[in-house]
Amino acid sequence: MSELITTHPFNNDLRVALLKLNRPKVLNALTTDLLQEIVSELQRLEELPEVRCIIITGDDRAFAAGADIMKMAESTAMDQLNDKRLRLWKEFAMITKPIIAAVNGFALGGGHELSMACDFVIAGDTAKFGQPEINIGTTPGAGGTQRLTRAIGKSKAMMLALTGEMLTAREALACNLIAKVVPEVALLQETFEVAKKIADKSPIAAKLIKDSINKSQEMSLRDGIEYERRNFYLTFASADQKEGMNAFLEKRSPEYKGN
Ligand code: CAA
């Protein structure tokens with residue numbers, strides 16, 4: 001059985017695809033091969049015009065409990081340096097379609113970093129989030145100290161990464177690490193409802209919003225506002241912008257074609 005299961009269309013909706021991590025015996029621990037599969041699948045979906053939103057999930061017990069410790073335990077610094085993971089994470093970040101992490105159970109270490117690399121997180125109410133690398137004598141290595149600090153601030157990020165403690169879903173929501181908490185059993189349905197809302201919108205606008213918000217994490221406010229303005233101007237080259245505004249004026253629902 002494959003370590004990554006794609007369901008597309010998801011819930012009979014061609015616009016939504018679901019990627020499910022499938023290494024349940026090791027709580028979906030991430031190997032380089034699994035990360036490669038995720039990235040390859042995202043790249044394939046990126047090229048399918050009908051796909052407008054992608055959900056990544058795990059199972060009830062774990063979204064992903066981190067990088068695979070079994071594979072890492074005896075590795076050397078040079079093994080790590082030469083591993084293609086860093087390139088894969090960069091390729092992950094180049095996907096322009098919205099990606100939602102639907103998290104039940106543990107999202108720890110590299111698994112938590114995977115959820116943070118997605119555009120936002122919806123969690124079941126029993127989910128747990130953390131960067132426990134310090135418990136095994138190492139540090140986060142795929143954005144854990146950087147994205148986490150930007151998301152929740154230095155003090156809380158320090159406490160989490162230095163103690164290895166986990167946040168509950170409610171705590172993660174309270175500090176803006178995640179976007180929404182839903183009952184554990186309803187996670188995929190609730191996430192699908194959100195994905196559908198995104199899929200109803202202009203894919204061009206969605207792509208540009210994702211780009212502008214991601215830039216806000218890397219740019220000064222002044223440069224970010226300039227950047228955002230150019231993306232705003234760009235929408236006026238799209239048929240979707242004309243459709244959206246005309247539909248509003250004609251008091252009908254817009255039909256976006258993504259051009
Ligand atoms: N890698 C490999 N195997 C893992 C794993 C991981 N990250 N996490 C869990 N497993 C395996 C366990 O070894 C166990 O396997 P066996 O049944 O063969 O013994 C199985 O999954 C179930 O795990 P537990 O029995 O430990 O389940 P639990 O409910 O008692 O505990 C847990 C759950 C608290 C998540 C615990 O498994 C745990 O602490 N896991 C490790 C979490 C961690 O340290 N993650 C960070 C990894 S380093 C990293 O990610 C680096 C990076 O960012 C680049």
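No hydrogens, no waters, no symmetry mates; every other heavy atom, side chains included, goes into these values. Ligands are counted one by one from 1 in listed order, and the atoms in each one are counted from 1 as well.
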* Asked: Do ligand 1 and Glu133 have nitrogen or oxygen atoms that lie under 3.5 Å from each other?
  -> yes
* Asked: So, Asp211 versus Tyr227: side-chain donor-acceptor pair below 3.5 Å or not?
  -> yes
* Asked: Any protein heavy atom under 4.0 Å from atom 18 (O) of ligand 1?
  -> no
* Distance-only donor-acceptor check, side chains Gln80 and Ser75, under 3.5 Å -> yes
* **ligand 1 N/O within reach of Leu108 N/O, cut-off under 3.5 Å** => no
* Asked: Does a sphere of radius 6.0 Å around NZ in Lys71 hold more than 12 heavy atoms from other residues, nucleotides or ligands, not counting ones at 6.0 Å or beyond?
  -> no
* Thr6 and Glu41: side-chain donor and acceptor closer than 3.5 Å? -> yes
* atom 45 (N) of ligand 1: which protein heavy atom is closest, and how many Å away? -> Ala65 O, 2.9 Å
* Look at atom 37 (O) of ligand 1 and say whether a protein heavy atom is found at less than 4.0 angstrom from it. => yes
* Other residues, nucleotides, ligands: >12 heavy atoms within 6.0 Å of Arg222 CZ -> no
* Hey, is ligand 1 close enough to Arg61 that some N/O pair sits below 3.5 Å? -> yes
* Structure fact -> Under 4.0 Å from one or more heavy atoms of Met72, ligand 1 contributes atoms 48 (S)
* To do: Would you mind telling me if ligand 1 is within reach of the side chain of Lys25, the backbone, both or neither, using heavy atoms under 4.0 Å?
  => backbone
* May I ask you to say whether Arg15 pairs ionically with Asp200, meaning some side-chain N is under 4.0 Å from a carboxylate O? => yes
* Structure fact -> Nearest non-hydrogen protein atom to atom 54 (C) of ligand 1, with distance, is Gly141 N, 3.8 Å
* **Lys196/Asp13 ion pair, N-O < 4.0 Å** => no
* To do: For ligand 1, find out whether one of its N or O atoms is nearer than 3.5 Å to an N or O atom of Met166.
  => no
* With a 4.0 Å heavy-atom cut-off (strictly under), which part of Asn135 contacts ligand 1: side chain, backbone, both or neither? -> neither
* So is Pro132 close enough to ligand 1, meaning a heavy atom under 4.0 angstrom away? -> yes
* When you look at CD of Glu250, are more than 12 heavy atoms from neighbouring residues, nucleotides or ligands closer to it than 6.0 Å? -> yes
* **atom 47 (C) of ligand 1 within contact range, any protein heavy atom under 4.0 Å** => yes
* Nearest option to atom 53 (O) of ligand 1, as decided by whichever heavy atom of Lys71, Glu113, His112 sits closest -> Glu113
* Structure fact -> atom 9 (C) of ligand 1 sits nearest the protein heavy atom Leu27 CD1, 3.8 Å
* Does the N or O separation between Met70 and ligand 1 drop below 3.5 Å for any pair? -> no
* Atoms of ligand 1 close to Gly110 [distance to a heavy atom under 4.0 angstrom, numbered from 1] -> 49 (C), 50 (O), 53 (O)
* Side chains of Ser212 and Asn231: donor-acceptor distance under 3.5 Å anywhere? -> yes
* What protein heavy atom sits nearest atom 4 (C) of ligand 1, and how far off is it? -> Val26 O, 3.8 Å
* Structure fact -> On a heavy-atom basis, the closest approach of Ser238 and Thr235 is OG-O, 2.6 Å
* To do: Give a yes or no on whether atom 26 (O) of ligand 1 lies under 4.0 Å from any heavy atom of the protein.
  => no
* To do: Starting from atom 1 (N) of ligand 1, find the nearest protein heavy-atom neighbour and note its residue, name and distance.
  => Ile69 N, 2.9 Å
* Can you check whether a protein heavy atom sits less than 4.0 angstrom from atom 12 (C) of ligand 1? -> no
* Does some non-hydrogen atom of the protein lie less than 4.0 angstrom from atom 40 (N) of ligand 1? -> no
* **Charged N-O contact under 4.0 Å between Lys197 and Glu193** => no
* Asked: How does Ala29 reach ligand 1, by side chain, by backbone, by both or by neither, if only non-hydrogen atoms under 4.0 Å count?
  -> side chain
* Lys242 NZ: over 12 foreign heavy atoms closer than 6.0 Å -> yes
* **Lys/Arg-Asp/Glu bridge criterion (N-O < 4.0 Å) met for Lys97, Glu46** => no
* If we only count N/O pairs under 3.5 Å, is Ala67 in contact with ligand 1? -> yes
* Side chains of Leu86 and Lys90: does their closest heavy-atom pair fall under 4.5 Å? -> yes
